Visitor: 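Below you'll find the structure I mean.
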Amino acid sequence: MRRRLLIVALAALLFPLGASAAGDPQLKRAQDRFQYGDYADAVQQVSRLLEQNRLTSDESLVEAHRILGLAYYYLDRKEEARSALVSLLSVDPDFKLDPFFYPPKVVEFFDQVKAENETLLAPIREQKARIEAERFRAEQARLRLLEEERKRREEAAERLQPSEVVERVEENHPYLLNWLPFGVGQFQNGDVLKGSLLAGGQTLAAGASVLGYLVTANLRTCKPLTIPGGSLGQPDQEGQRCGIPEGSQNLAATMISMKWIAGAAFWGLFAYGIIDAHLHWEPVVLRSQTTRKLPTAPPTEATSEPPSTSTDTSTGSPETPDAGPTPQARLHLAPWFGPKAAGATLVLTF
């Protein structure tokens with residue numbers, strides 16, 4: 001049992017999984033059977049796939065014909081193997097078998113089939129090169145179209161975006177201040193002159209009215225007064241007589257008149273101030289406004305490069321750039337095949 005598992009592991013190393021097998025479960029099963037060494041079952045499953053035309057991509061077709069050709073070869077059915085490999089080359093004329101992963105006899109057989117059909121493969125190779133060139137130009141045109149659309153959107157956004165901003169300073173005016181005296185409503189509305197006149201007039205009127213009241217109050221005097229009893233046995237009653245002396249009657253009359261006139265003037269100005277404040281009141285007043293230009297963003301340039309489409313036909317993985325010269329000596333595994341087993345050996349090449 002351990003020997004059988006070792007053989008399966010070495011087979012998986014020698015025949016790497018193709019990249020196209022992941023797209024179709026049946027092709028993946030055929031690949032698994034091929035790696036396990038059941039070549040007849042692999043041939044049966046791949047043949048069924050090809051008959052049903054289920055494989056549409058070039059990668060899946062190449063992988064199917066690779067499995068079919070190598071399985072036929074290991075079953076010693078060389079003519080069927082040749083036909084399958086020719087079908088593979090018809091899809092990918094530049095396909096190669098890496099000697100590191102395949103036995104020398106298999107690689108030699110494949111190269112012989114490829115060399116025998118080189119004259120017929122050349123037009124296919126040229127046509128595929130033209131198709132790749134057209135595909136590359138179409139991709140470049142697509143990228144240019146997307147870039148132009150991006151620039152158009154940015155220019156449209158710049159046109160819609162304002163080039164300057166207006167900064168406003170506003171002042172809120174409370175409504176209750178319109179009911180206060182001394183020109184408060186006028187000062188709030190920005191009418192300083194009228195507010196000053198009302199404040200001064202109401203202050204003078206209020207002061208004159210208070211002064212008239214105080215002077216009149218101070219002019220009043222009270223003298224003691226004895227009231228005799230009205231009947232026998234009742235005592236005399238003590239009282240006071242208050243009033244303005246005869247010498248101050250004129251002054252008192254003047255102060256009383258000034259008090260009422262000044263009071264009437266105060267309330268008249270107060271009423272006028274309330275009405276005027278309501279007539280000119282605005283809830284919000286613009287105090288200042290500044291226009292500032294917005295800085296313009298520098299233009300951005302986006303560059304794009306087409307992705308590399310070159311792949312390694314033997315493994316289906318993307319090629320990597322050459323990192324340097326090939327080393328002179330290399331230690332690698334070489335496959336070994338026996339009648340009923342497979343293995344690997346270490347080989348040092350110079």
Side-chain angles (χ1 to χ4, degrees), residues 3-122 124-125 312-316 333-345:
R3 182 180 179 184
R4 186 178 182 86
L5 293 175
L6 177 61
I7 293 174
V8 173
L10 290 174
L13 173 65
L14 296 176
F15 306 108
L17 182 64
S20 61
D24 192 288
Q26 192 169 348
L27 181 59
K28 174 64 169 60
R29 286 194 297 270
Q31 198 171 55
D32 292 340
R33 302 308 300 168
F34 175 79
Q35 292 178 351
Y36 192 75
D38 192 350
Y39 303 127
D41 192 12
V43 167
Q44 183 179 1
Q45 295 194 35
V46 172
S47 299
R48 188 182 303 114
L49 281 173
L50 294 174
E51 290 174 0
Q52 296 173 355
N53 293 324
R54 290 181 52 181
L55 305 176
T56 56
S57 66
D58 289 350
E59 290 183 354
S60 60
L61 287 172
V62 167
E63 180 63 14
H65 288 303
R66 182 190 72 87
I67 295 174
L68 191 62
L70 295 181
Y72 275 135
Y73 181 86
Y74 294 134
L75 292 172
D76 201 19
R77 297 166 61 176
K78 301 297 179 61
E79 289 301 322
E80 289 90 339
R82 180 185 299 274
S83 298
L85 294 177
V86 169
S87 298
L88 183 153
L89 292 171
S90 68
V91 179
D92 187 358
D94 296 322
F95 188 87
K96 295 185 295 183
L97 292 178
D98 193 340
F100 181 77
F101 295 107
Y102 300 94
K105 290 184 179 181
V106 176
V107 176
E108 183 180 353
F109 178 77
F110 177 81
D111 291 342
Q112 181 181 354
V113 173
K114 188 175 183 179
E116 292 174 356
N117 296 276
E118 185 62 34
T119 304
L120 298 176
L121 293 176
I124 300 176
R125 187 179 293 109
D312 184 358
T313 55
S314 62
T315 61
L333 285 173
W336 172 83
F337 291 86
K340 295 183 179 180
T345 58

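What you are looking at is a predicted structure, and each value in this text was computed from that prediction instead of being measured.
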Visitor: Heavy-atom distance under 4.5 Å between the side chains of N117 and L89, does that happen here?
Guide: no
Visitor: Are R82 and E116 side-chain neighbours, meaning at least one heavy-atom pair lies under 4.5 Å?
Guide: yes
Visitor: Indicate yes or no: at least one non-hydrogen side-chain atom of H65 is less than 4.5 angstrom from one of L50.
Guide: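 Yes, side chains in contact.
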Visitor: Between Y73 and L85, is there a side-chain heavy-atom distance shorter than 4.5 Å?
Guide: no
Visitor: Cut-off 3.5 Å, side chains only: do R54 and Q26 have a donor facing an acceptor?
Guide: yes
Visitor: Less than 4.0 angstrom from a charged side-chain N to a carboxylate O is my criterion; do E51 and R48 meet it?
Guide: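 Salt bridge: no.
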Visitor: Using the ring of each side chain (for Trp, its six-membered ring), is F110 parallel, tilted or perpendicular to F95, with breaks at 30° and 60°?
Guide: perpendicular
Visitor: Determine the minimum heavy-atom distance between L68 and V46, stating which atoms define it.
Guide: CB-CG1, 4.1 Å
Visitor: Just verifying a value: how many Å separate F34 CZ and R66 CZ, rounded to the nearest 0.5 Å?
Guide: 5.5 Å
Visitor: Locate the shortest heavy-atom distance separating L121 from P93; write the atom from each residue and the value.
Guide: O-CB, 4.1 Å
Visitor: Can you find a pair of side-chain heavy atoms, one from R125 and one from E118, that are under 4.5 Å apart?
Guide: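 R125 vs E118: side chains touch.
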Visitor: When you compare the side chain of L70 with that of V106, does any pair of heavy atoms fall below 4.5 Å?
Guide: yes
Visitor: Would you say that I67 contacts L27 through its side chain, given a criterion of any heavy-atom pair below 4.5 Å between the two side chains?
Guide: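 Yes, close enough: below the 4.5 Å cut-off.
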Visitor: What are the two closest non-hydrogen atoms of G69 and A81, and how far apart are they?
Guide: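 So the minimum-distance heavy-atom pair works out to O-CB, 3.3 Å.
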Visitor: Is the number of heavy atoms from other residues, nucleotides or ligands within 6.0 Å of CD (E108) greater than 12?
Guide: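 No, because the 6.0 Å sphere around CD of E108 holds 12 heavy atoms or fewer from other groups.
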